[in-house]
Structures are given as structure tokens and as C-alpha cells.
Amino acid sequence: MQSKDGRTLLEVRGLKATVAGVEILKGIDLTVRAGEVHAIMGPNGSGKSTLAKVLAGHPAYAATAGEVLFEGADLFALAPEERARAGLFLGFQYPVEVPGVTNASFLRLAYNTVQAARGKDELDPLEFDDFVREKMNLLDMDVAFLDRSVNEGFSGGEKKRNEVLQMAILEPRVAILDETDSGLDIDALRVVAGGVNKMRDPGRAIVLVTHYQRLLNYIEPDFVHVMAGGRIVRTGDKSLALELESRGYDWLLEGDKAAGKAVAA
Amino acid sequence: MSSTALQNLIEQPYKHGFVTEIEADVAPKGLSEDTIRLISRKKNEPEWLLEFRLKAFRHWLEMTEPAWPNVRYPKIDFQDISYYSAPKPKKKLASMDEVDPELRRTFEKLGVPLHEQKALAGVAVDVIFDSVSVTTTYKKRLAEAGVIFCSISEAVRDHPELVRKYLGTVVPQGDNYYAALNSAVFTDGSFCFIPKGVRCPMELSTYFRINTQESGQFERTLIVAEEGAYVSYLEGCTAPQFDTNQLHAAVVELVALDDAEIKYSTVQNWYAGDKDGKGGIYNFVTKRGLCKGRSSKISWTQVETGSAITWKYPSCVLLGDNSVGEFYSVALTNHHQQADTGTKMIHVGRNTRSRIISKGISAGQSNNSYRGLVKVGPKAAGARNFSQCDSMLIGDACGAHTFPYIQVQNDSAIVEHEATTSKIGEDQLFYFASRGIATEEAVSMIINGFVKEVFTQLPMEFAVEATKLLGLKLEGSVG
């Protein structure tokens with residue numbers, strides 16, 4: 001385990017949320033401190049991705065109860081772009097394609113917007129090019145991606161690398177990675193996980209949303225949470241993930257199982 | 001980033017909607033042979049031109065308004081329009097300093113400099129206010145190169161043989177309902193003649209302004225490029241904000257002889273009506289270029305952002321062997337705007353080539369249609385066409401439609417058509433937002449990416465203006 005400064009970055013209390021009028025999150029409590037890595041696991045429909053989207057501010061999701069503090073301040077008082085500027089990052093499960101907009105211009109606009117909000121220097125296109133190439137090297141990414149439209153025609157693995165690249169560029173305080181491992185073959189998984197590990201920092205927290213224990217072989221979590229039916233039903237350390245791997249989820253679900261299956265998140 | 005935030009993006013008010021308080025000489029409403037004689041008399045026209053007008057009018061009387069465009073509007077009462085409006089005094093201007101100061105201020109507000117020393121470097125401007133041309137800049141320098149650039153009224157007076165030779169040869173008087181109306185009542189417009197072998201030393205530009213509430217604007221533009229000549233021509237348009245509709249029915253004719261090239265760019269920003277669809281210009285325009293000579297080239301680039309209704313198909317008739325026609329278009333509609341626009345590429349000569357790049361952007365409750373004809377005649381061996389029609393939808397209350405017509409009568413022709421439709425949706429905007437980028441910037445980035453291919457065809461200053469204009473028009477539009 002890394003050294004941590006132990007400050008609370010994200011505090012979720014009694015969070016409930018709906019999408020299209022259906023309640024998906026039924027009371028989530030979660031405390032994330034600087035330097036920690038949390039893994040959120042659970043079967044399909046348990047609300048993992050919903051939690052990620054509610055925190056980032058997706059307009060289709062509505063928080064109906066509870067509160068979330070981000071570095072001590074009310075997260076829901078901020079618009080989604082303000083959350084990003086304040087240092088909250090969401091790595092998308094399904095990164096969005098933006099035809100006609102080059103990856104280079106998108107990344108630079110994102111970088112400069114966030115830098116400006118933090119009172120730091122912006123980079124011109126040439127400076128940014130040097131900066132981004134270095135980051136791409138770390139992720140074993142071809143620089144040809146800079147000239148292609150954002151995520152357009154990218155393979156699943158390329159899209160996920162592009163997400164991690166964006167995290168590396170924006171240097172968030174809290175990064176939530178929503179199934180960043182899904183759709184990756186074993187080599188890509190190793191590269192992506194390596195990129196995430198390089199982002200581990202005493203001042204930063206990482207929340208991994210994942211189905212599979214295999215990601216946790218590469219990125220070692222401090223806490224593992226199991227979600228089911230819109231709640232966190234069990235929290236443990238990394239050994240919990242291994243136990244899930246051998247025993248499945250059923251032994252944890254019991255009463256929550258029916259509720260969990262009824263919801264398509 | 002709810003749909004309200006997106007809504008606000010488009011609701012940016014129209015910045016050119018002011019009315020100039022200037023005394024105007026306005027003809028009484030109504031259309032008859034007497035009206036036409038009045039216009040012709042006011043302009044001291046020769047007899048042949050009056051005959052041209054009357055012939056067109058008689059044609060028009062027998063025609064019916066086209067019903068095929070994908071646009072809806074109440075029937076126009078052609079007797080309720082004034083066909084002539086000119087700012088007073090109408091005396092001949094010897095220099096720019098004699099332009100009415102009120103008029104000069106109008107164009108300064110619009111960002112069109114009338115003083116040559118203040119003018120954009122290398123752009124000559126002809127300014128049309130309601131029915132008449134008020135000034136043309138850089139005349140002397142152009143004359144030294146042998147280029148004639150003046151209002152069409154002046155051309156009729158000073159170069160009648162040229163006007164008579166080419167007027168109506170590309171768009172005949174009876175071509176269509178609005179072209180016939182224009183031929184009968186046109187009041188002014190630009191004339192441009194580039195003699196053999198001359199490369200026009202600067203961009204030529206006409207700036208159109210409708211000011212009077214109940215007048216129509218019917219301008220006529222004629223551009224002739226002789227053998228080996230080249231010209232790049234720009235057209236800009238604005239109008240004040242009225243809650244009634246004004247009719248704009250222009251005709252533009254281009255003629256390119258052997259090896260000549262004409263590049264015609266438009267940034268159309270007529271008043272589009274308010275957000276409930278009240279007011280705005282009906283822009284019913286006929287634009288056509290004739291590639292008359294071998295290896296001639298005509299290229300249309302248009303950025304259509306204004307008007308309540310746009311009905312316009314800048315076309316190329318590729319008569320000369322090896323001639324080339326191009327059409328690059330960005331048409332943006334918002335609120336209740338309607339656009340039915342596109343092009344016609346008529347391949348007549350051998351080895352003629354054409355290229356169509358059309359980008360339609362629809363927002364609000366607007367409707368945007370691309371309508372294009374690619375026709376390859378029996379003698380057009382080796383003809384080649386490529387068409388790309390892309391539509392972008394912003395929000396879910398708007399519509400995009402594509403009506404491509406392809407008629408091929410020669411086996412050796414190759415005609416390609418590609419089309420895509422995309423949508424700026426919640427997910428794209430959320431993706432940008434999650435990277436710190438607010439809706440406005442996201443929309444502008446997506447739109448700029450979408451129109452890039454067309455905007456690179458515009459001259460530099462125009463491209464900058466057009467980019468700003470798109471941003472302005474879309475402020476508040478996504479949902």
C-alpha cells in the first residue's frame with residue numbers, strides 16, 4: 001500500500017437516484033480518501049454504472065436523496081463541467097464518438113479548460129503536442145490517434161486507452177473508471193492497468209467499477225465494495241474480490257437478488 | 001446541461017435587425033406593366049431592357065408558384081409588395097464622402113467599410129441598399145486591370161453591349177416563377193466582367209441590405225469571365241427585424257468561357273424571423289453558372305444561416321468539354337426556419353466533372369432539406385460526379401431531408417452519392433462536459449468539425465466571419 005495523506009476527497013451519504021423515474025440507487029454510503037483505490041463490483045444491474053454517472057452529473061440521472069461532498073463541498077451544486085474542472089474524472093464504459101473533431105483539438109480544449117479553471121498555464125498547439133505525445137508513449141498509443149476524430153472508428157481497446165489518456169492529461173483528484181477493463185484483451189488490459197497505476201498518487205483517489213477480478217490482479221485495491229440492488233452490500237479488502245472470483249455473487253445477494261435483477265441499469 | 005441550457009445557446013438575438021431611419025423613395029405597392037415601366041423609367045433604361053422586363057412579366061403572369069419545395073408558407077400577395085425602394089437623395093455620387101452619413105453608419109454597424117482606406121485589404125465592395133447600389137469601392141484600381149465591377153444599372157448605361165450579350169443567357173426570363181418575376185422587376189445588383197487572360201487583382205464583394213419593411217428585393221447579378229480569366233466573388237446579406245415577411249427573389253448568372261474560373265461565395269444572413277417563426281425573409285433565389293468554354297470552372301460556396309425560408313439551388317451547366325462544377329454548402333436552420341436548398345449539375349460536354357459537398361444543420365423546430373440533381377446528358381462521355389450530403393440534427397424537434405435526383409444518359413459516366421446523418425445529443429455533450437468543456441464550446445467544436453470541409457473553400461476573412469456567425473446562430477440550440 002502507498003503512503004496516503006488520508007484526506008477525505010469524496011463522501012457519499014445515503015445517496016438515492018433515479019433514471020426515467022425508476023429508482024436505481026437505494027441509499028449508497030461511501031468514503032474515499034486521498035491515495036486510496038476502491039473497486040466497486042457487483043452483478044449486472046446492481047447500480048455500479050449509475051453511481052458513476054450520477055457522480056459525474058449525467059443529465060438523464062437524478063439524485064433524489066442523500067448528499068455527496070467533493071473535497072468538503074456539495075458536489076451536486078456543480079454543473080458536470082464544473083465537477084470535471086474541480087478534479088472529478090469519469091472514464092466512460094462506452095466512450096462517445098465525435099465525428100469531425102480531432103482527438104488532438106478535443107484533448108487540448110479539455111486540458112486548457114481545466115488548466116484555466118485551476119489557475120494554471122494553458123498550452124499552445126505545439127506545446128500541447130509535446131506534452132500529449134509523452135503521455136501517449138506511457139500508454140503505448142500511436143500518435144496517429146491525435147489526427148483522428150474523437151473515438152470514431154476506434155476499437156474497443158483503443159477507446160479505453162483514450163479514456164486513460166484523458167485521465168492522465170487532466171490529472172483529476174478523483175478518477176472513476178467505469179468498466180475500463182471491459183472489451184480489452186490481456187495485452188491491452190496490462191497496458192491500460194499500467195497507465196492507471198502510474199496515476200496512483202498520495203493526493204489522488206481512484207474508483208474502479210468492474211465486473212471482473214482480473215483487473216484487480218494489475219491494479220491492487222485498498223477496498224472492494226460489492227453492490228447489489230442499488231446498495232453496497234459488503235465491503236472488504238482485496239481478498240473479498242478473490243472470494244467473489246471463486247464463489248460468485250450469490251452468497252452475498254440473498255434478499256437483494258430479486259431487486260437487483262429487476263432493474264436494468 | 002439540461003435542454004434549457006442548450007435552448008439558451010440558440011436564442012442569441014439577431015444583431016443586424018435594426019432599421020435605418022433614412023428617407024426612401026418607395027414606389028406604390030402593386031405589380032403591373034405600369035410598375036415595370038415606372039422602374040425602367042426611374043432607371044433611365046434603354047428600350048431593349050424594358051422589352052426584356054415586359055416579356056418576363058407576361059411569362060410570369062402565365063406561371064404558377066412552385067409547390068414542390070419542402071417548405072410551407074402562406075400565399076404571397078404580389079400586389080401587396082413595393083417593387084422599388086431607394087434611399088434619397090438619389091443624385092449621382094462622385095465620391096464615397098457623399099454617401100449619406102446615416103447610410104454610412106448603417107454599413108459601419110454591419111461591419112462593411114465603405115471607405116477604401118478602411119476597407120479590407122484586397123476586397124472591392126459594391127453595396128446594395130434596398131433597390132439600388134449605393135457605392136462601389138476600388139473602381140479605379142480594377143479598371144486599370146481591365147476589370148469592370150459596378151452596379152448592374154451602371155453597366156446597362158456604360159456597357160450596354162456586354163449586358164445585352166449575356167443577360168438572360170444562363171437564366172432565361174421564363175426559367176421559373178421567381179426568376180421570371182425578377183427579370184420583370186429587378187432593380188439593381190452587381191455586374192462584373194473580367195476580360196480575357198486577366199486574373200482579377202482582388203476579391204470582389206457585394207453587400208446586400210434590405211431596409212424597407214414592405215419592399216421586395218430583386219437584385220440581378222451578372223458575372224462574365226472571358227477566356228483564361230479568374231475571379232473570386234463574395235456576397236453578404238442582412239436585413240432588419242420586422243414581424244412581417246419580406247420577399248427576396250434574386251437572380252445570379254455566371255458565364256465562364258474557355259479556361260476561365262469563377263469562384264462565388266455567399267454568406268447569407270438575412271433576418272430569419274423570431275423564435276416563434278414570425279417575420280423573416282423569404283429567400284427565393286435562382287443562381288446558375290454556365291461553364292460555356294472548354295476547361296472552365298465554376299465553384300459555388302454558400303453558408304446559409306438566415307431567412308425564414310430559403311429556396312435556392314446554385315447550379316452549374318457544364319457545357320464545355322472538361323469543364324468543372326463545384327458546390328460547397330453549409331445550410332443552418334434554427335427555430336422555425338425552413339430551407340430547401342441544393343444544386344444542379346448538368347453535364348453536357350465530355351469529361352465534365354462535378355463535386356457536391358453539402359452540410360445541413362438543423363436545430364429548434366426547423367426543417368432542412370437538401371435537393372440536388374445530377375444529370376448526365378447523352379454526349380457527356382466520361383462525366384464524373386461525386387456527391388456527399390451530410391445532415392446534423394441538434395435536438396429532437398427538427399428535421400433533415402435529402403432528395404437526390406440522378407439522371408444518367410451516358411454509360412461511361414461515374415456518379416457517386418454518399419450521405420450521413422448525425423445528431424448532437426445529450427451523450428456527446430455529457431462527454432464534453434465530463435472533460436470540463438461547457439455546452440456552448442462543445443457545440444461550436446462539433447459544428448466546426450462538421451463544416452470544416454466547406455469552410456476551407458471560403459476566402460480567409462469570410463471563413464472567420466462565417467465561423468462566428470454559426471456560433472452566434474447556434475447559441476442556445478441543443479437539447
Side-chain angles (χ1 to χ4, degrees), chain A residues 52-62 78-118 148-152 159 162-163 165-167 169-172 175-176 178, chain B residues 1-9 330 332 357-361 388-396 418-456 467 470-471 474 478-479:
Chain A
K53 285 176 178 160
V54 170
L55 293 176
H58 193 292
Y61 297 77
L78 303 177
E81 62 271 22
E82 292 168 335
R83 298 179 198 186
R85 293 172 198 164
L88 182 71
F89 180 86
L90 173 63
F92 280 54
Q93 181 180 5
Y94 303 108
V96 178
E97 298 188 0
V98 191
V101 174
T102 64
N103 217 16
S105 52
F106 175 71
L107 295 173
R108 191 169 78 88
L109 180 60
Y111 176 79
N112 281 341
T113 305
V114 167
Q115 286 288 102
R118 294 172 188 168
R148 289 171 57 181
S149 293
V150 178
N151 294 323
E152 193 186 35
K159 284 181 180 172
N162 209 27
E163 293 297 292
L165 174 65
Q166 291 174 47
M167 170 174 73
I169 286 171
L170 299 180
E171 301 189 331
I176 303 166
D178 190 4
Chain B
M1 191 193 40
S2 59
S3 47
T4 5
L6 301 173
Q7 212 53 44
N8 293 337
L9 241 158
V330 169
L332 179 147
I357 307 288
S358 164
K359 306 274 181 177
I361 303 166
Q388 167 97 41
C389 302
D390 298 327
S391 306
M392 177 168 277
L393 300 168
I394 302 180
D396 44 23
E418 290 179 10
T420 66
T421 302
S422 51
K423 185 175 172 181
I424 298 186
E426 208 171 52
D427 281 331
Q428 257 179 354
L429 294 172
F430 176 59
Y431 192 60
F432 276 81
S434 73
R435 303 301 180 248
I437 304 168
T439 302
E440 255 174 64
E441 274 178 297
V443 170
S444 124
M445 191 168 219
I446 295 168
I447 294 289
N448 285 331
F450 183 66
V451 303
K452 203 159 42 187
E453 224 177 325
V454 171
F455 276 27
T456 53
T467 305
L470 278 196
L474 278 172
V478 196

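A, B, ... follow the sequence lines: proteins, then strands. Residue 1 opens every chain. Hydrogens, waters and symmetry mates are skipped; everything else that's a heavy atom, side chains included, is used.
Between B:G436 and A:A84 the shortest heavy-atom distance is N-CB, 3.3 Å. Heavy atoms only, all atoms of each residue included: B:K452 and A:G100 are closest at NZ-O, 3.1 Å. In this structure, A:S105 and B:M445 approach most closely via the heavy-atom pair O-CE, 3.2 Å. B:Q428 approaches A:V98 most closely through the heavy-atom pair NE2-CA, 3.8 Å.
Interface residue A:V114: only side-chain heavy atoms are found under 4.5 Å from chain B. Of the two parts of B:S434, the backbone and the side chain both hold a non-hydrogen atom closer than 4.5 Å to a non-hydrogen atom of chain A. In this structure, the portion of A:L170 lying under 4.5 Å from any heavy atom of chain B is its side chain and not its backbone. A:S149 does not touch chain B: none of its heavy atoms, backbone or side chain, sits under 4.5 Å away.
Between B:Y431 and A:Y94, a ring centre-to-centre spacing not shorter than 6.0 Å is recorded. In this structure, A:F92 has its ring center under 6.0 Å from that of B:F430.
Rounded to the nearest 0.5 angstrom, B:I437 CD1 and A:T113 OG1 are separated by 5.0 Å. Separating the CD atom in A:E81 from the CZ atom in B:R435 is a distance of 13.5 Å, to the nearest 0.5 Å.
For B:E453, the salt bridge (Lys or Arg N to Asp or Glu O under 4.0 Å) partners at least two apart in sequence or on another chain are B:K359.
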Q) What do the steps show when you test A:V96 against B:F432 for side chain to side chain contact (heavy atoms under 4.5 Å, CB included), and what is the final call? A) CA-CA 9 Å; A:V96 178; B:F432 276 81; over 6 Å; no

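Options A:R85, A:R83, A:H58, A:E82 differ in how many heavy-atom pairs under 4.5 Å they form with chain B, and the most are formed by A:H58.
For residues 97-109 of chain A, the pairs satisfying salt bridge (charged side-chain N to carboxylate O under 4.0 Å, His left out) are A:E97-A:K159, with sequence neighbours left out.
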